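One-based numbering, in listed order, for ligands and for the atoms of each. Everything numeric in this text was worked out from a predicted model, so none of it was measured.
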Amino acid sequence: MEVEIKDITKYYKKHMALDHVNLCLHHGVYGFVGPNGAGKTTLINILVNVLDPSGGNIFYDGKNIKDDIESYLDQVGYLPQYPKFYGDFTCAEFLKYMCVLKDIKKSKIASKVKKVLQLCNLEDVQNRKIKEFSGGMRQRLGIAQAILNDPKLLILDEPTAGLDPKERIRFRNVISNLSTDRIVILATHIMEDVESIANEVILIQKGKLLGVKRTEDMLEEIKGKVWLRKILQSSLSDYENKYMISSIIHENEYVSIRYISDQEETGALSVEPKLEEVYLYYFQSGEHV
Ligand SMILES: Nc1ncnc2c1ncn2[C@@H]1O[C@H](COP(=O)(O)OP(=O)(O)OP(=O)(O)O)[C@@H](O)[C@H]1O
């Protein structure tokens, strides 16, 4: 299984939202990461055929998706950034309805719905109306509808935004269990999610692909560049002007800061980097990719 994104550009009027993006994806979970407005949703909308690119092509297993868009879309599952549901449907009714829209054979609907309810931990609430669902339950329902057709390419646009930690972990586990033998693209700003489930990270900024990196390689790259130091409150602004600061904890007249510096920082403690700090390192200046 291979998805190849070849030379994709997208203009919104004169604004270039994607600038000759080239990318080749194989099975596994990819974190799709970049600042607001980087072009993630635009590329996703092109991948799910909601938008046409201004230039370039997408190939699925070597075939241009435009040559047989129906067969390609049969392989795609998609959870949009802001999914809409019919609140008066029960969870199970909604999934059955989605099966019909997805053209799933009538004889298979009951077993498909049962399977996704189980995978997404929704069995207990299958007969409740969606309007009564919490944010986490809605997101799991969003995944459930996206995997009804057992897609080989599963695309999730910011699926854990707004979820509490327990629901996020639950959601991450669901995604991990789905990741064998398919491509999962997870667009997110939550680096903790990327760290715990993605094998590789696609980095995008201002419409340009910066690279595809393994999470452990990214962490390795900034090893020895993250520092912890206790400073006086009064010198905080100097540090803020000079460094990328990833955390600030106030303790009376002192502040504990974690910050990123390429230089050896005498008097500061070198600490294990977090993926959030990698994000800062890559995107604050854009120089490091
Ligand atoms: N329909 C549109 N018309 C005009 N410009 C658009 C449209 N959709 C997106 N853009 C612009 O294209 C660029 C990429 O937007 P996009 O939504 O793809 O970014 P994103 O990485 O998904 O951002 P976020 O993380 O905030 O969701 C931005 O500059 C945005 O303002």
Pick out which of R229, K225, K242 makes a side chain to side chain donor-acceptor pair (under 3.5 Å) with Y259.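 When side chain to side chain donor-acceptor pair (under 3.5 Å) is applied between Y259 and each of R229, K225, K242, only R229 qualifies.
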
Quick one, Y243 with Q263, criterion side chain to side chain donor-acceptor pair (under 3.5 Å). Give me CA distance, side-chain angles, the key distance, then yes/no. CA-CA 11 Å; Y243 297 106; Q263 317 285 329; over 6 Å; no

Quick one: list whatever passes side chain to side chain donor-acceptor pair (under 3.5 Å) with N49, sequence neighbours left out.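 K66.
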
Only pairs under 3.5 Å count here: list side-chain donor-acceptor contacts from residues 124-132, not counting sequence neighbours, and write none if there are none.
{"from": "Q126", "atom 1": "NE2", "to": "E123", "atom 2": "O", "distance (Å)": "3.2"}
{"from": "K131", "atom 1": "NZ", "to": "D88", "atom 2": "OD1", "distance (Å)": "2.6"}

Parallel, tilted or perpendicular: which describes the rings of Y86 and F89, with under 30° parallel and over 60° perpendicular?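 Judged by the thresholds at 30° and 60°, the geometry between Y86 and F89 is tilted.
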
Please list, by chain and number, the protein residues whose heavy atoms come under 4.0 Å of ligand 1.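 Heavy-atom contacts below 4.0 Å: Y12, H15, A17, P35, N36, G37, A38, G39, K40, T41, T42, Q81, E158, H189.
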
By the side chain to side chain donor-acceptor pair (under 3.5 Å) test, which pairs, at least two apart or in different chains, include something from residues 267-277?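 Found S246-E277, R258-E277.
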
